[in-house]
Amino acid sequence: MTHDYTRKRGVVHTEIMLPPHVPPSFSDRAILWNSVELAEKAGNAQLAREIDTARPIELSREEQIRLVREYCSSQFVSKGMCVDFAIHDTDSGNLHCYIMLTMRPLNERGAWADISNEFLERAGSAERENAPEKPQPPKSPGLANLLMKYLSVQREKSRKYSQSWQRQHAADELKTVSQAVNFLAGRGISTLAELDASLSSVREKSDAIREGMKAAEKRMKELQKLIEYGENYLKYKPVHDELKTLKNGWTNKRDKYEEAHRAEVAELQNIRKCVEIAQRADQPEQTQTRAKRHDINR
């Protein structure tokens with residue numbers, strides 16, 4: 001059976017740690033575990049030990065990696081085991097590390113040693129390899145000490161950073177207050193009443209400016225519309241000029257031309273009306289009254 005873990009998410013770091021006498025080629029994960037599997041003859045042989053440990057999220061990524069390396073080096077690599085570990089972090093607060101350890105020792109030639117009772121007898125050892133009644137998980141007495149050491153360093157860094165940040169923040173606040181006081185003093189403002197009066201006058205000016213800007217924006221929109229009317233007038237004026245030169249006669253040439261260019265003629269009439277309205281809006285009130293009377297008389 002083959003398991004494909006290449007699409008597993010959240011793997012932030014993987015590494016293989018080897019004892020000094022182990023062949024460098026075992027740094028390749030495939031070569032290492034293929035060699036482990038070939039060394040075992042029994043179909044139910046255990047190929048590796050696996051340890052799953054939680055990692056403190058207070059540490060940086062570099063500190064987490066150094067912690068795992070130091071732990072594996074002191075507890076496993078120093079005892080002749082090959083270590084394959086992976087750190088997982090899916091940003092869900094469940095930071096953890098998987099550690100896989102080889103079962104057999106490696107001799108000085110870099111070959112897997114035989115740990116059977118026959119091998120021990122040939123080596124003249126009185127010890128026997130007997131299966132324990134219950135499988136015991138590997139002990140890690142140094143893990144707690146390592147965690148305390150790294151967390152203590154992290155707390156000390158946080159404390160120093162906090163003190164430094166507080167001092168810098170206080171200095172920045174004093175600098176801001178000093179600049180504000182100098183600014184107010186330069187304008188003859190020394191009390192809250194004077195400041196309130198100054199702000200009121202500024203507010204009135206800003207309101208007036210805002211109203212003027214609204215009127216200017218409205219006028220700009222009107223002028224933009226007039227420019228658009230002018231461009232359309234120049235575009236459709238040849239149609240109007242041609243229409244003026246035509247007469248109906250027996251072929252109704254004028255009516256046919258006007259029917260073919262109905263949209264252009266209607267647009268020209270609309271432009272004339274809009275321009276006349278805009279011109280009246282710009283005329284003085286008396287002139288507008290005369291124009292109204294003239295329209296009534298017409």
Side-chain angles (χ1 to χ4, degrees), residues 3 5-6 8 10-42 44-90 94-117 119-120 123 125 127-154:
H3 298 279
Y5 294 101
T6 57
K8 189 174 181 63
V11 180
V12 297
H13 183 80
T14 60
E15 187 173 333
I16 292 178
M17 301 178 65
L18 305 173
H21 62 282
V22 173
S25 60
F26 280 8
S27 298
D28 187 317
R29 183 167 288 103
I31 295 176
L32 171 62
W33 294 111
N34 284 337
S35 176
V36 168
E37 188 171 2
L38 289 173
E40 300 296 339
K41 305 304 180 184
N44 60 348
Q46 182 178 352
L47 301 180
R49 298 184 182 94
E50 183 177 353
I51 301 175
D52 183 5
T53 63
R55 302 289 93 192
I57 60 175
E58 294 83 1
L59 302 181
S60 66
R61 182 73 70 220
E62 292 77 12
E63 290 172 330
Q64 293 165 1
I65 295 172
R66 286 203 304 270
L67 172 60
V68 177
R69 284 175 180 165
E70 189 172 347
Y71 171 62
C72 292
S73 177
S74 62
Q75 300 299 316
F76 309 120
V77 179
S78 61
K79 299 176 182 178
M81 303 181 196
C82 300
V83 176
D84 184 2
F85 72 85
I87 299 176
H88 291 227
D89 186 5
T90 57
N94 182 25
L95 178 63
H96 56 281
C97 176
Y98 291 113
I99 303 173
M100 292 183 64
L101 310 171
T102 54
M103 301 288 294
R104 289 176 176 268
L106 284 157
N107 58 28
E108 292 77 7
R109 298 189 305 274
W112 297 109
D114 190 353
I115 57 173
S116 65
N117 291 326
F119 171 79
L120 295 174
S125 173
E127 297 181 0
R128 304 284 294 179
E129 287 290 328
N130 297 318
E133 296 181 0
K134 292 183 180 179
Q136 299 294 328
K139 297 181 179 179
S140 53
L143 181 58
N145 294 333
L146 287 173
L147 287 174
M148 291 302 298
K149 183 182 76 171
Y150 275 83
L151 290 176
S152 298
V153 172
Q154 184 67 19

statement: One should read off an interatomic distance between C72 SG and M100 CE, to the nearest 0.5 angstrom, of 12.5 Å
message: Measuring from atom CD1 of I16 to atom CG of L32, what distance do you get when rounded to the nearest 0.5 angstrom?
response: 5.5 Å
- line: When every non-hydrogen atom of Q46 is compared with those of M103, the smallest separation belongs to O-CG, 3.6 Å
query: How long is the gap from CD on E50 to CG on L47, to the nearest 0.5 Å?
result: 12.0 Å
query: Can you tell if the side chain of S27 reaches within under 4.5 Å of the side chain of L18, non-hydrogen atoms only?
result: yes
task: Determine whether V36 and W112 make a side-chain contact, defined as any pair of heavy atoms from C-beta on separated by less than 4.5 Å.
output: yes
message: Between V11 and I87, is there a side-chain heavy-atom distance shorter than 4.5 Å?
response: no
task: Look at atom CD of E37 and say whether more than 12 heavy atoms of other residues, nucleotides or ligands are closer to it than 6.0 Å.
output: no
message: Just verifying a value: how many Å separate R29 CZ and N34 CG, rounded to the nearest 0.5 Å?
response: 12.0 Å
message: Would you compute the distance between atom CG of L67 and atom CG of L59 and round it to the nearest 0.5 angstrom?
response: 6.5 Å
- line: To the nearest 0.5 Å, atom CD of Q75 lies from atom CD of E70 at 10.0 Å
task: For C97 and H88, run side-chain contact (heavy atoms from CB on, under 4.5 Å): C-alpha distance rounded to whole Å, both residues' side-chain angles, the deciding distance at 0.1 Å, then the answer.
output: CA-CA 6 Å; C97 176; H88 291 227; over 6 Å; no
- prompt: According to the interplanar angle, ranging from 0 to 90°, do the rings of F76 and Y71 count as parallel (below 30°), tilted (30 to 60°) or perpendicular (above 60°)?
  reply: perpendicular
field: Test item: R61 and V12 side chains (from C-beta on) under 4.5 Å apart, heavy atoms
entry: yes
- request: Could you tell me whether a side-chain N or O of T14 sits under 3.5 Å from a main-chain N or O of A86, the two making a donor and an acceptor?
  value: no
- prompt: C82 and L106: side-chain contact (heavy atoms from CB on, under 4.5 Å), yes or no, with the steps?
  reply: CA-CA 9 Å; C82 300; L106 284 157; 3.9 Å; yes
task: For residues Q64 and H13, determine if any side-chain heavy atom of one lies less than 4.5 Å from a side-chain heavy atom of the other.
output: no
field: Audit row: R104, E40, side-chain contact (heavy atoms from CB on, under 4.5 Å) steps and yes/no
entry: CA-CA 9 Å; R104 289 176 176 268; E40 300 296 339; 2.7 Å; yes
4.5 Å side-chain heavy-atom contact, W33 and D84: yes
query: Heavy-atom distance under 4.5 Å between the side chains of F85 and R69, does that happen here?
result: yes
- request: For the residue pair H96 and D52, establish whether any side-chain heavy-atom pair is separated by less than 4.5 Å.
  value: yes
